[in-house]
Amino acid sequence: MAERYDCSEAPQRAAGLSAATSAVRGGRLVVLPTDTVYGIAADAFDPQAVAALLAAKGRGRQMPSPVLIGSPAALDDLVTDLPDDAWKLVEVFWPGALTLVARHQPTLKWDLGDTNGTVAVRMPHHPLTIELLDQTGPMAVSSANLTGRPSPQDCDAARHMLGDSVAVYLDGGPTPAAVPSSIVDVTGPVPTLVRAGALTAEELRTVVPDLHVPA
């Protein structure tokens, strides 16, 4: 039976963070708020938990899970050959609604899906989720909806879709954005906008003027 915690109240927040930390460490799934939409998350280094995340959404390995981190410093352990433009984007837009696609460290023991040696990584701008990440380390994440359904902006909408496939629901109130993060691929010679989301190409180009936007 899934547990739900109203994190607007201090005792529930503390209890919810404790329960969510235990769930992630035990290979189970949690739902959490971000600065865009609600996400479903699992231990990024637990292949069975990541597979359960994809199954809960009805999603295949061809759409691998991004990874949330609690600090830009965590990038050094996860990615390699990060270009200067990527660090500029991190400095301006993290924490926030920017996901970077980079080459992951080849020594990492994880299975996020069919990534072709890359990882999509983001530091969310939400204090509850950052606090959880400080306890769990990097988490695989996806929007907390069934594939093909709208991404939820509140905990109840996520629970309605995902039910007891999730162990712990952290209710942090409505999220401020109805759109997901913007995704920029930094594995090529110039940064490339993969998905326009909460950040526009114009905003991103104030930092990396040579951003490529495919037609």
| said: Could you see if Val208 belongs to whatever hydrophobic cluster contains Trp87? Use Ile, Leu, Val, Met, Phe, Trp, Tyr and a side-chain cutoff under 4.5 Å. | reply: yes
| said: Checking the side chain of Ser18 only, and the main-chain atoms of Ala15 only, is there a donor and an acceptor separated by less than 3.5 Å? | reply: no
| query | With sequence neighbours left out, which residue pairs that include part of residues 116-136 fulfil the salt bridge (charged side-chain N to carboxylate O under 4.0 Å, His left out) condition? | reply | Arg13-Glu131, Asp35-Arg122
| query | Does the side chain of His126 reach to within under 4.5 Å of the side chain of Leu128, using non-hydrogen atoms? | reply | yes
| With Asp85, the side chain to side chain contact (heavy atoms under 4.5 Å, CB included) member among Asp210, Val190, Leu211 | Asp210
| query | Do Glu91 and Val207 touch side chain to side chain, with heavy atoms closer than 4.5 Å? | reply | no
| field | Heavy-atom closest contact (Val186 atom, Pro191 atom, distance) | value | CG1-CB, 4.5 Å
| request: For Trp110, check ring pair (Phe, Tyr, Trp, His ring centres under 6.0 Å) against everything at least two apart and list the hits. | output: Phe45, His104
| said: Has Ser182 got a side-chain atom pairing as donor or acceptor with Gly197's backbone, closer than 3.5 angstrom? | reply: yes
| said: Run Arg61 and Asp114 through salt bridge (Lys or Arg N to Asp or Glu O under 4.0 Å) and show every step you take. | reply: CA-CA 6 Å; Arg61 288 178 53 82; Asp114 296 335; 3.3 Å; yes
| said: Using a 3.5 Å distance criterion without hydrogens, assess whether the side chain of Lys57 forms a donor-acceptor pair with backbone atoms of Ala144. | reply: no
| message | Pair Ile183, Val101 - check side-chain contact (heavy atoms from CB on, under 4.5 Å), show working. | response | CA-CA 7 Å; Ile183 301 177; Val101 177; 3.6 Å; yes
| request: Evaluate the criterion side-chain contact (heavy atoms from CB on, under 4.5 Å) for residue pair Val79 and Arg103; output intermediate values, then yes/no. | output: CA-CA 6 Å; Val79 305; Arg103 295 287 175 192; over 6 Å; no
| Distance-minimising heavy-atom pair for Asp76 and Gln105 | O-NE2, 3.3 Å
| Is a side-chain donor-acceptor pair under 3.5 Å present for Ser142 with Arg59? | yes
| query | Within the distance-only criterion (no hydrogens, no angle test), does the side chain of Trp94 pair as donor or acceptor with the backbone N or O of Leu98 below 3.5 angstrom? | reply | yes
| request: Evaluate the side-chain proximity of Val184 to Leu89: yes if any heavy-atom separation is below 4.5 Å, no if none is. | output: yes
| remark: Closest non-hydrogen contact found for Thr99 with Ser181 is OG1-OG, 2.8 Å
| said: For Asn145 versus Ser151, what's the shortest heavy-atom pair and its separation? | reply: OD1-OG, 3.8 Å
| field | Validation row: Ile69, Leu133 side chains within 4.5 angstrom (heavy atoms) | value | no
| message | What's the separation between atom CG in Asp77 and atom CG in Leu75, rounded to the nearest 0.5 Å? | response | 9.0 Å
| Looking only at heavy atoms, what is the nearest atom pair of Glu3 and Ala19, with distance? | OE1-CB, 3.8 Å
| message | So does Leu132 get a backbone contact from the side chain of Gln135, meaning a donor-acceptor N/O pair under 3.5 Å? | response | no
| task | Indicate if Val37 and Leu32 have the same hydrophobic cluster label, given that clusters are the connected sets of ILVMFWY residues with side-chain heavy-atom separations under 4.5 angstrom. | result | no
| request: Measure the shortest side-chain to side-chain distance between Arg4 and Asp171 over non-hydrogen atoms and say whether it is less than 4.5 angstrom. | output: yes
| query | When rounded to the nearest 0.5 angstrom, what distance separates CZ in Arg149 from NE2 in His160? | reply | 6.0 Å
| Derivation of the side-chain contact (heavy atoms from CB on, under 4.5 Å) call for Val179 and Thr36 | CA-CA 6 Å; Val179 293; Thr36 54; over 6 Å; no
| request: Hydrophobic side-chain clustering at under 4.5 Å (ILVMFWY, transitive links): who's grouped with Leu53? Put none if nobody. | output: Leu29, Val31, Tyr38, Ile40, Leu54, Leu146, Met161, Leu162, Val166, Tyr169
| task | Test side-chain contact (heavy atoms from CB on, under 4.5 Å) on Ser65 and Met139 and set out the steps. | result | CA-CA 9 Å; Ser65 291; Met139 288 192 291; over 6 Å; no
| Residues Thr118 and Asn116: side-chain donor-acceptor under 3.5 angstrom | no
| message | With a 4.5 Å cut-off on side-chain heavy atoms, are Val30 and Leu170 touching? | response | no
| message | Could you check whether any side-chain N or O of Ser71 sits under 3.5 Å from a backbone N or O of Ala73, counting only pairs where one atom can act as donor and the other as acceptor? | response | yes
| Is there a chain of hydrophobic side chains (I, L, V, M, F, W, Y, each step under 4.5 Å between heavy atoms) that links Leu100 to Leu204? | yes
| task | Report yes if the side chains of Val121 and Pro66 come closer than 4.5 Å at any heavy-atom pair, otherwise no. | result | no
| request: May I ask you to test the Asp154-Thr175 pair for a side-chain heavy-atom distance under 4.5 Å? | output: no
| field | Polar side-chain atom of Thr136 near backbone of Val24 as donor-acceptor pair, under 3.5 Å | value | no
| message | Once rounded to the nearest 0.5 Å, what's the spacing between atom CG of Asp185 and atom OG1 of Thr192? | response | 6.0 Å
| Under 3.5 Å: donor-acceptor pair, side chain of Asp43, backbone of Gly27 | no
| remark: Scanning both residues in full, the closest heavy-atom pair of Leu82 with Ala86 reads CG-CB, 3.5 Å
